[in-house]
Q: 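Let me begin by handing over the structure; questions about it come next.
Computed from a prediction, not measured in an experiment: that's the story for all the values here. Chain A is the first sequence line, chain B the second, and so forth, proteins listed ahead of strands; every chain is numbered from 1.
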Amino acid sequence: MNARAPKGTADMLSGVAQAWEHLQRTAQELFARYGYEPVYTPLFEHTEVFTRGIGEATDIVLKEMYTFEDKGGRSITLRPEGTASVVRAALEHNLTANGTQAKLYYAGPMFRYERPQKGRMRQFWQIGIELLGAAEPTADAEVISVLWRYFEALGIPPASMRLLLNSMGDDACRPAYRGKVAAFIRDRSGGLCEECGRRADANPLRAFDCKNPACVGVMAEAPLLRDELCGACAAHHSAVKERLAGLGIPFVEDPRLVRGLDYYTRTVFEIQVEAGLGSQNAIGGGGRYDRLMQEYGGPATPGLGFALGFERTLLAMQAAGVAVPAPPRAEVYVARVEGSPDGTVFAIAQALRDAGVAAEMDHQGRSLKAQFKQADRLGARFVVIAGPGELEVGEVTLRDMGTKEETRVPMDGVASAVDTALGGRSRTLHA
RNA sequence: GUGGGUGUAGCUCAGUUGGUUAGAGCGUCGGACUGUGGCUCCGAAGGUCGCGGGUUCGAGUCCCGUCAUCCACCCCA
């Protein structure tokens, strides 16, 4: 058989897996302070959830979805992002009935069929929050600040982050602007790449995203939505900026920031980092999607959120030299000696664990010396030497690996002795 | 989907103009007067040289194919 993980997927072994849990713990703790509650939606949905939500003309829907027919003949798609599912769930369970506000967060794998490269996987992890039912600009500022604070909490230097901000307008002003850009593209199509020429019809705004130098040059002269926002959108946008400035969160207005999902209205934002991501640069982003719920047939419900990528966040942390805290694999190592009754050694280790101490012992019949090496490698602060001599008189030797001090303690008092030595921080699980 | 790079021990890599039993460092395991760690020293295990085919007296080393991987384009987290 082919003992290899599929293309674009990766096994997360101890080092990475621990970082993963650190990212999740940090998120849970921070998001809870803002009142967000966890939600777990299915990893797959009816395909329509994504085609309608994300937009038929987006790259995600056009060429990146893992879509298949299940045995019941339904078209199923592995989620390529989180917002569509959460909004679908909120609608299904009426979480925003009568204008109720819902604050949700999720974390888990997303799937997109793309060629993998640095910072891009076919299965990748995102954490995101969604704030539903909130139309005020303070909501935008809150969501953006959660994202910013999260990266700060992880230790990514604020100076290395760049927050980009833009407004996509709404139904009152975007259609007219969109028409203007389409006209502009048709007019100047000679100077644009083939792809952008085609964009005029389906998705003209995406031409702003093109990295082709010629296109960048031409699009630099294209009309900007910033200058065409309706009064309500302009007021909203400037209020968001005011709130952010009030928090001291630095942002850069980028009138050409266009995000790849069709559902955005008004505020869109992205946090970029310069080092570590290869040719990618965004570690998180999001925006407002006031029409999404209606798109699914629900009541008009404003909403917004962000998503951030685990892989990219980790790359950014590594580039910034941030270390991920890793707990010691053992605080105490219980060593057995030739002639020690296995059952007794085993019981001592168990007693320590029951008392809340991380304890490890040998299961391979290795020499005492090897056990000490192992204890050292695991980061154990103490080694309990359970030799026949000690056990005979109901005692055990407790060695402090730092000071090399050894004391004899009663066998049934090991847990409390260690607990005291560790500063009494363990909790007793079994009275 | 397109382009380029790379595929040699668990990991990072070296392998000269193709020539006999494929190497190093790290890691792992064992040992240094036999119940004790982190340093040092000694030793050991571990490799279908991605896979298939071809050229050759002979290929890890050249050619073709294939797969995988990395990076980039597209686009995004």
Q: Please enumerate all protein N or O atoms sitting under 3.5 Å from an N or O of nucleotides 3-13 of chain B, with distances to 0.1 Å.
A:
none

Q: If you write RNA chain B from 5' to 3' in dot-bracket form, with Watson-Crick or G-U pairs under 3.5 Å, [ ] for crossing pairs and | for pairs with another strand, what do you get?
A: (((((((..((((.....[...)))).(((((.......))))).....(((((..]....))))))))))))....
Q: May I ask you to list the residues of residues 35-68 of chain A, by number, that have any heavy atom positioned under 4.0 Å from an atom of RNA chain B?
A: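 Result for residues 35-68 of chain A: A/D59, A/K63, A/E64, sorted by number.
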Q: Which part of the nucleic acid, if any, lies within reach of A/G128 when heavy atoms closer than 4.0 Å are counted: base, sugar-phosphate only, or nothing?
A: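 Here A/G128 touches no strand at all.
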Q: Taking A/Y105 as the fixed residue, which of A/Y40, A/F31, A/Y34, A/Y36 is the one that meets the ring pair (Phe, Tyr, Trp, His ring centres under 6.0 Å) rule?
A: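 Filter result, single survivor: A/F31.
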Q: Classify every nucleotide of nucleotides 29-37 of chain B by which part a protein heavy atom approaches to under 4.0 Å, writing B for the base, S for the sugar-phosphate alone and - for neither, in 5'-to-3' order.
A: SS----BBB
Q: Which part of the nucleic acid does A/M110 contact within heavy-atom distance under 4.0 Å: base, sugar-phosphate only, or nothing?
A: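 Nothing, no nucleic acid heavy atom in range.
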Q: Under the salt bridge (Lys or Arg N to Asp or Glu O under 4.0 Å) rule, collect the residues that match up with A/R408, sequence neighbours excluded.
A: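 A/E395.
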Q: On the side chain of A/Q280, is there an atom forming a donor-acceptor pair with the base of B/A72 - under 3.5 Å, no angle test?
A: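 Not at all, since no donor on one side and acceptor on the other fall under 3.5 Å apart.
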Q: Let me know the distance between CD of A/Q117 and P of B/C73, rounded to the nearest Å.
A: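 That distance rounds to 6 Å.
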Q: When the distance from NZ of A/K118 to C1' of B/C71 is rounded to whole Å, what number comes out?
A: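 Those two atoms, NZ and C1', are 9 Å apart.
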Q: Taking only the P atom of each, what is the distance from B/U69 to B/C29 in whole angstrom?
A: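 Pairwise P distance, B/U69 against B/C29, rounds to 31 Å.
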Q: Just grab all the ring-ring contact (aromatic ring centres under 6.0 Å, His included) pairs involving residues 47-70 of chain A, residues at least two apart or on different chains.
A: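 Every pair satisfying ring-ring contact (aromatic ring centres under 6.0 Å, His included) with a residue in residues 47-70 of chain A: A/Y66-A/Y113.
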